Amino acid sequence: MRLCDYEHQEIKARCEAAAAKLQKLQPALNAVVTFCDIDEQLEALKERSTDGKLYGIPIVLKDNISTKGIRTTASSRILDNYIPVYDANIVERLKKEGAIIIAKASMDELGMGGTNKNAYTGKVNNPYDRKRISGGSSGGSAVLVAAGATAVSIGTDTGDSVRKPAAYNGIIGVKPTYGRISRYGIIPYASSLDHVGYFTTNVEDACTMLEVLAGRDDRDMTSSQREVGTYLADLNSDLQGKTIGVLDNVQDAIHEERIKANVEELCEKLAARGAKIVHVQMPQELMETILPVYLTIANAEATANHSNLDGIRFGMREDGESVEEVMKHSRTKGFSAYVRKRFIIGSYSLFVENQDKLFRKAQKIRRLLVDHYRALLDECDCILASAAPTVAPLEDEAMDEALGKEYLVADNHMQLGNFSGYPSMTLPSGFVDGLPIGVNITCRPFEEQMMFNIGKAIEEETGLANHTVEVKA
Ligand code: GLN
């Protein structure tokens with residue numbers, strides 16, 4: 001089908017306006033690594049079906065998603081000059097549906113971090129208050145949707161990297177079931193935990209995006225054969241007969257009373273719509289293992305996955321007298337100290353003499369956590385908790401390693417969604433001192449429809465659909 005010139009001009013104007021907005025926001029937010037050329041994509045669009053679900057819609061991708069001919073750095077110095085020769089599966093799908101990629105967004109280097117301070121191009125700023133962090137690791141993608149530059153953007157979520165920045169920026173962040181979206185062409189972090197996710201400002205768009213992105217791909221062996229739902233057509237916010245379990249371990253660990261009250265008030269409203277609200281608990285000692293278990297598994301898998309970033313095959317290369325020296329110099333200069341530290345921790349738990357007491361032990365505890373989590377979902381249709389115990393922290397107070405109970409449990413509980421692979425999403429649920437806060441819901445595997453339906457009811461109660469923030473120059 002060919003577009004008439006008039007329509008094409010309108011789409012072109014829309015994409016150019018979005019691209020111009022990105023340029024304008026860059027000094028304030030620092031969210032973009034690479035601005036993409038849109039003219040060629042607009043030309044190619046003329047040959048595509050106008051029925052595409054994202055026809056002529058500008059979109060932003062996290063910079064760990066391979067884009068043919070477009071620099072893909074994963075916000076790491078070592079990949080500064082890397083230009084992929086192929087598209088990730090999700091990029092093929094987005095293009096097929098008519099999306100126009102306008103930028104590659106900043107992230108914590110290789111996905112490691114929850115602040116987006118660990119990017120080669122520097123900190124990404126929160127659009128509500130630039131002194132605050134965006135959250136990470138998909139911070140660039142999050143702030144561009146929050147600031148209204150694009151309606152949707154893509155991120156990845158290994159340990160909450162879509163759902164946490166969604167909370168800090170007052171938007172929706174979705175991580176579907178493990179295997180629902182192909183990861184072919186995504187620069188990996190930790191393969192047993194990595195998911196593709198995305199940001200939107202309303203539940204309808206969240207439904208459409210999953211219809212576009214999900215589906216079997218033979219090139220990702222974890223990709224599911226299950227049929228993709230018709231999420232938008234089946235969206236139904238009726239809560240009659242649904243049971244929602246509030247995860248008390250999380251709510252009890254939060255210090256900020258207004259964030260606790262936000263969940264309580266929301267639950268009263270959901271109960272008034274017919275939902276049965278119950279309180280559920282995980283064994284507390286298990287909850288406090290989430291972060292160490294996560295870091296043990298994630299760092300070990302990352303160490304193995306990133307052994308190919310050596311300056312020999314691709315990426316930046318430093319000089320040296322021998323192959324070993326080239327690798328050593330390239331890796332020393334190519335990664336930040338923070339990433340190198342994680343590789344050391346990862347290698348340590350993979351040493352033959354440490355495997356049983358560290359890596360395998362972490363895997364066993366992961367299994368225990370998932371068994372308990374699964375049992376909670378036998379009793380209820382969804383588990384609900386505050387997505388984060390605080391608003392977006394100020395740059396200096398964002399400490400990845402502070403080990404209080406609030407941090408261990410309330411700041412890291414969403415990693416349960418990665419351990420289990422269960423579908424999980426964050427929705428905006430209000431404001432504290434003018435800064436956004438969010439609520440997280442998690443459902444049984446492949447019950448994305450249930451998640452969107454409950455999400456829709458939450459959205460109707462908060463009235464925060466399509467909320468974005470104006471960033472002053
Ligand atoms: N903060 C977690 C980490 O640093 C999560 C990152 C992610 O989901 N990519 O590993």
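Indexing begins at 1, ligand by ligand and atom by atom, following the structure's order. Since we're looking at a predicted model, the values are computed, not measured. When reading the values below, keep in mind they use all heavy atoms of this one structure, side chains included, and skip hydrogens, waters and symmetry mates.
Using a cut-off of 4.0 Å between Lys/Arg side-chain N and Asp/Glu carboxylate O, Arg163 and Asp157 are scored as salt-bridged.
Classification of the Tyr231-Phe452 ring pair by plane angle, with boundaries at 30° and 60°, yields perpendicular. Relative orientation of the Phe419 and Tyr294 rings is tilted, given thresholds of 30° and 60° on the angle between their planes.
Using a 4.0 Å cut-off to heavy atoms of Tyr189, the atoms of ligand 1 that qualify are 3 (C), 9 (N), 10 (O). For ligand 1, the atoms lying closer than 4.0 Å to a non-hydrogen atom of Gly114 are 1 (N). Taking a cut-off of under 4.0 Å to the non-hydrogen atoms of Thr158, the atoms of ligand 1 that pass are 7 (C), 8 (O), 9 (N). Heavy-atom contacts of Arg342 reach the following atoms of ligand 1: 3 (C), 4 (O), 10 (O) (cutoff under 4.0 Å). For ligand 1 and Asp160, the ligand atoms under 4.0 Å from any heavy atom of the residue are 8 (O). Remark: ligand 1 atoms within the under-4.0 Å shell around heavy atoms of Gly113 are 1 (N), 3 (C), 4 (O), 6 (C). Residue contact check: Gly111 has heavy atoms under 4.0 Å from atoms 6 (C), 7 (C), 9 (N) of ligand 1.
Heavy-atom distances between Ala298 and ligand 1 stay at or above 4.0 Å for every pair.
Taking only nitrogen or oxygen atoms, main chain and side chain alike, Asp157 does not reach within less than 3.5 Å of ligand 1.
Phe343 is linked by a ring-ring contact (aromatic ring centres under 6.0 Å, His included) to His306, Phe335, counting only residues two or more places apart in sequence or in another chain. Remark: Asp371 pairs with Arg367 by the salt bridge (Lys or Arg N to Asp or Glu O under 4.0 Å) rule, at least two apart or across chains.
Residue-level proximity to ligand 1 for Ser137 is carried by the side chain, the only part with a heavy atom below 4.0 angstrom.
Between the side chains of Arg132 and Tyr128, no donor N or O sits under 3.5 Å from an acceptor N or O.
Under a 3.5 Å cut-off, the side chain of Asn354 and the backbone N or O of Tyr348 do form a donor-acceptor pair.
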